[in-house]
Amino acid sequence: MPIYFDLPSPEVPEPFVLIGNHDDIDSNPKIGNALVQVQLQIDLYYPLNMDLADFEDSIVRIKQAVQPVKLIQVTTMRDSTIGRTVRRALFEIKTLIQ
């Protein structure tokens, strides 16, 4: 499955993955190790006419690929931001690095 860091042109067919926003929040405690909270957004765009079970399988594979992380929240929806209506899974991933 293709992976992009910018939304591809409308001619690019689904399925594809979009690596989105990445945020770091640094914490430098007076005692102990510094902590960095990392947040990342990943979007999976999938055609409506493909099997829903394949869409769910792709969600599981992405979850497995980003392990180990502290928290993965996935929201699925219909979306038309790419110029046509598709299935979209929005992954919000959070973890702590010491």
Side-chain angles (χ1 to χ4, degrees):
M1 184 175 313
I3 298 173
Y4 298 95
F5 291 91
D6 294 308
L7 195 60
S9 67
E11 296 80 30
V12 173
E14 307 80 36
F16 63 84
V17 173
L18 178 65
I19 306 294
N21 297 333
H22 173 266
D23 297 310
D24 288 344
I25 301 169
D26 296 341
S27 171
N28 292 316
K30 292 180 181 180
I31 300 174
N33 295 333
L35 297 174
V36 178
Q37 179 179 342
V38 178
Q39 300 176 347
L40 177 66
Q41 179 177 322
I42 297 175
D43 295 279
L44 168 63
Y45 291 88
Y46 218 83
L48 281 175
N49 62 351
M50 292 185 76
D51 186 47
L52 184 58
D54 290 338
F55 177 63
E56 294 293 337
D57 184 56
S58 294
I59 290 171
V60 170
R61 284 185 287 149
I62 290 171
K63 284 179 164 182
Q64 291 171 341
V66 298
Q67 290 299 331
V69 295
K70 185 86 171 163
L71 172 71
I72 300 175
Q73 180 177 340
V74 181
T75 305
T76 59
M77 66 198 86
R78 285 186 177 209
D79 185 89
S80 59
T81 57
I82 62 170
R84 58 192 168 275
T85 303
V86 296
R87 287 189 181 103
R88 178 179 173 197
L90 186 149
F91 297 78
E92 293 178 286
I93 301 163
K94 297 179 183 179
T95 194
L96 290 174
I97 300 172
Q98 293 185 343

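Only a predicted model underlies this, so the values are computations on that prediction, with no experimental measurement involved.
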Item checked: Those residues that, when tested against Ser80, pass side-chain contact (heavy atoms from CB on, under 4.5 Å) (two or more places apart) -> Thr85
Margin query: Please report the interatomic distance CD1(Ile19) to CD(Gln41), rounded to the nearest 0.5 Å.
Written below: 10.0 Å
Margin query: For a quick test of reading the model, state the closest non-hydrogen atom pair linking Arg87 to Met50 and the distance between them.
Written below: NH1-O, 2.9 Å
Margin query: Less than 4.5 Å apart, side chain to side chain, heavy atoms only: is that true for Ile59 and Thr76?
Written below: yes
Check: If two hydrophobic side chains count as joined below 4.5 Å and joins carry through other members, does Val12 share a cluster with Val17?
Finding: no
Checklist line | Same apolar cluster: Tyr45 and Leu40, side chain cutoff 4.5 Å | finding: no
Item checked: Non-hydrogen atoms of Asp6 and Leu18 that approach each other most closely -> C-CD1, 3.4 Å
Checklist line | Option among Asp24, Asp23, Leu71 that satisfies the side chain to side chain contact (heavy atoms under 4.5 Å, CB included) test with Gln39 | finding: Asp23
Notebook entry, point to check: Has the side chain of Arg78 got a donor or acceptor atom that lies under 3.5 Å from a matching backbone atom of Leu48?
Noted result: no
Margin query: For a 4.5 angstrom cut-off between non-hydrogen side-chain atoms, does Arg84 reach Val86?
Written below: yes
Checklist line | ILVMFWY cluster, Val69 and Val60 together (side-chain gap under 4.5 Å) | finding: no
Note to self: Side-chain heavy atoms nearer than 4.5 Å, only ILVMFWY residues, links allowed to pass through others: does that put Ile3 and Phe91 together?
What the structure shows: yes
Margin query: Show every side-chain hydrogen bond (donor to acceptor under 3.5 Å, both in side chains) that has at least one partner inside residues 63-72, sequence neighbours left out.
Written below: none
Next item on the list: Work out which heavy atom in Val66 is nearest to a heavy atom in Ile42; give both atom names and the distance.
Entry: CG1-CD1, 4.0 Å
Notebook entry, point to check: Looking at side-chain heavy atoms only, is the closest gap between Glu14 and Ile82 below 4.5 Å?
Noted result: yes
Check: Which heavy atom in Ser58 sits nearest to a heavy atom in Leu44, and how many Å separate them?
Finding: CB-CD2, 3.7 Å
Next item on the list: Mind listing the closest non-hydrogen atom pair of Pro2 and Pro15 along with its distance?
Entry: CD-O, 3.5 Å
Checklist line | Sequence-distant partners of Glu92, side chain to side chain donor-acceptor pair (under 3.5 Å), two or more places apart | finding: none
Check: Roughly how far, to the nearest 0.5 Å, is CG of Asp79 from CG of Leu90?
Finding: 9.0 Å
Check: Where does the angle between the aromatic ring planes of Phe16 and Tyr4 fall among parallel (under 30°), tilted (30 to 60°) and perpendicular (over 60°)?
Finding: perpendicular
Notebook entry, point to check: If you group Ile, Leu, Val, Met, Phe, Trp and Tyr by side-chain heavy-atom gaps below 4.5 Å, do Phe55 and Val74 land in one group?
Noted result: yes
